[in-house]
Protein chains: 2
Amino acid sequence: MTTATRSHRIRLAPDQRRSQLLDLGVRLLATRSLDELSIDVLAEEAGISRGLLYHYFGGKQGFYEAVVQHAADDLFAQTAPPAGGEPLQRLHTSITAYVDYVQANHAGYRSLVKAAGGGNEALRAIYETTFEAMADRVFAQPDDAIIPDTPATRLLVRAWQSMVEDLVLSWCADPTPLTREELLHVITTSLPALVDTLP
Amino acid sequence: MTTATRSHRIRLAPDQRRSQLLDLGVRLLATRSLDELSIDVLAEEAGISRGLLYHYFGGKQGFYEAVVQHAADDLFAQTAPPAGGEPLQRLHTSITAYVDYVQANHAGYRSLVKAAGGGNEALRAIYETTFEAMADRVFAQPDDAIIPDTPATRLLVRAWQSMVEDLVLSWCADPTPLTREELLHVITTSLPALVDTLP
DNA sequence: TGCCGCTATTGAACAACTGTCAATATAGTG
DNA sequence: CACTATATTGACAGTTGTTCAATAGCGGCA
């Protein structure tokens, strides 16, 4: 049973093909890692030839970067805070969306996002850029800021994100020690608690 | 100019050869990632034939796992808390050793440890085991424990470790926002602060 | 000292995979 | 219904991981 809908020699618009391949990539790379996925397998699964991947992404590495970027954009969009409201409330909503997102895709999240963080230069750049953009949400609205924007607090927020990432992933693997509400409470209150440890 | 001391056809005891290859692996994999390091290059750098690597480690993946395990053991040994003294003081000493270790090897630490955390099943197992053993140091001495040993606190300590890892790596990349003392203070006091966020 | 056996080590052959490119087929257009 | 622009292919070349029978170095023993 082949999972791909096999239809011979269909010619798509570049955008459609591109997003088809990216979606397939996200799905396949959620379970295998990059070097466990050969281009032959990927091409067959997509119902295209090997060469087409090189036409679109320039190579295996380029394909992987595009897939990671695609997943990162998706994560960023799905955790966007609501337009209006109290700053703390907006942050809480965004965090809730993050927990939901990771819980819904924890295999893919671990495989793609974690691999990006520990991967090559270009991949880490995608990872860093995305999480810095998410950190900006914490520092948004300078007049009634949640926490002051200094190099030190930037450093702490970045580290806090790592903590949250690990916490949520561990919790998804075994949710018994904490309820969902307790998890959200720990995440939310740990940020100001962390900033308070600064001299 | 070849960096390896080229001497033809020397026969070593298995233990010596093994650790020579592991040390070389740690050194080479600190800058390149695994798939950027071909076995040909590795063998030439070590002054041995390709086949010998397969004799010792069974393949590229096995070699990588051995190198990661080697580095993890080194990290674990070098951050061992002193034998006696106050529990909090012992923890502080261990944390200081950790900061020093990462600072001295941040390229290698990032490349090996981070890659292990986001890598395949066997690699993550090494990573998890090592950091769980380091977490045990926090929970040691049940009579005057620093923090209670429950599933919830286990989860938090694990997440705290991720935060510390990221914090120290970021700080190594750019130490200007915090002095070394401030960094150590944040790390130490953030652990009880985090546990206090539990209901 | 000089042979001998054990085994560390080799290198060539094999298999699988990535990357390249000129040729081909397809969808839209006048 | 051609006809053109281009999405797509398939065969080819180079590189890399893996296997295995053959070789060569070191310690022990006479």
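Reminder, nothing fancy here: chain letters follow the sequence lines and each chain counts from 1. Scope of the values below: all heavy atoms of this structure, side chains included, with no hydrogens, waters or symmetry mates.
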Asks: CD1 of A:I10 versus P of C:dT24: gap in Å, rounded?
Replies: 22 Å
Asks: Nearest whole Å is fine: how far is D:dG10 C1' from A:I48 CD1?
Replies: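 It is 13 Å, rounded to the nearest whole Å.
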Asks: Within 45° of the axis and under 6.0 Å from the centre of the six-membered ring of A:F57, does NZ or CZ of A:R18 qualify?
Replies: no
Asks: Atom CG of B:L53 to atom P of C:dA8: distance rounded to whole Å?
Replies: 15 Å
Asks: Hey, is the side chain of B:R17 poking within less than 4.0 Å of OP1 or OP2 on C:dT9, counting only N and O atoms?
Replies: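 Result: yes.
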Asks: Pick out the pairs of N or O atoms, protein on one side and nucleotides 15-18 of chain C on the other, that lie under 3.5 Å.
Replies:
from	atom 1	to	atom 2	distance (Å)
C:dT18	OP1	A:I39	N	3.3
C:dT18	OP1	A:K60	NZ	2.8
C:dT18	OP2	A:I39	N	3.1

Asks: Quick one about A:T93 and A:T96 (side-chain donor to acceptor, distance below 3.5 Å, no hydrogens or angles considered), yes or no?
Replies: no
Asks: Side chain to side chain contact (heavy atoms under 4.5 Å, CB included) with A:L88: which residues, sequence neighbours excluded?
Replies: A:I146
Asks: Using the side-chain heavy atoms of B:R11, tell me which of these nucleotides is nearest: C:dT7, C:dT26, D:dT8.
Replies: C:dT7
Asks: Decide, yes or no, whether a salt bridge links B:D136 with B:R154 under the criterion of side-chain N to carboxylate O below 4.0 Å.
Replies: yes
Asks: Kindly list each side-chain donor-acceptor pair under 3.5 angstrom involving residues 28-35 of chain B, sequence neighbours excluded, with atom names and distances?
Replies:
from	atom 1	to	atom 2	distance (Å)
B:T31	OG1	B:L28	O	3.3

Asks: For B:R27, check side chain to side chain contact (heavy atoms under 4.5 Å, CB included) against everything at least two apart and list the hits.
Replies: B:L24
Asks: Evaluate whether atom CD of B:Q20 has more than 12 neighbouring non-hydrogen atoms of other residues, nucleotides or ligands under 6.0 angstrom away.
Replies: yes
Asks: Would you kindly give the CG-to-P distance between B:L52 and C:dT7, to the nearest whole Å?
Replies: 16 Å
Asks: Looking at the side chain of B:S49, which of D:dA7, C:dT10, C:dA8 is the nearest nucleotide?
Replies: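 Within the option list, the nearest is C:dT10.
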Asks: Would you work out how much the helix from C:dT1-D:dA30 to C:dG30-D:dC1 bends between its ends, with each end axis defined by five base pairs, to 10 degrees?
Replies: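 For the helix from C:dT1-D:dA30 to C:dG30-D:dC1, the axes at either end differ by 10°.
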Asks: Within the 4.0 Å heavy-atom criterion, would you say B:F63 contacts the bases, only the backbone, or no part of the nucleic acid?
Replies: nothing
Asks: Under a 3.5 Å cutoff, is there a donor and acceptor pairing between the side chains of B:Y109 and B:E165?
Replies: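 Yes.
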Asks: Closest-nucleotide mapping onto DNA chain D: is B:L12 or B:G59 further toward the 5' terminus? I mean the 5' end.
Replies: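 Comparing both residues, the 5'-ward one is B:G59.
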Asks: Could you tell me which residues satisfy side chain to side chain contact (heavy atoms under 4.5 Å, CB included) with B:D174, sequence neighbours excluded, listed by chain and number?
Replies: B:T176, B:P177
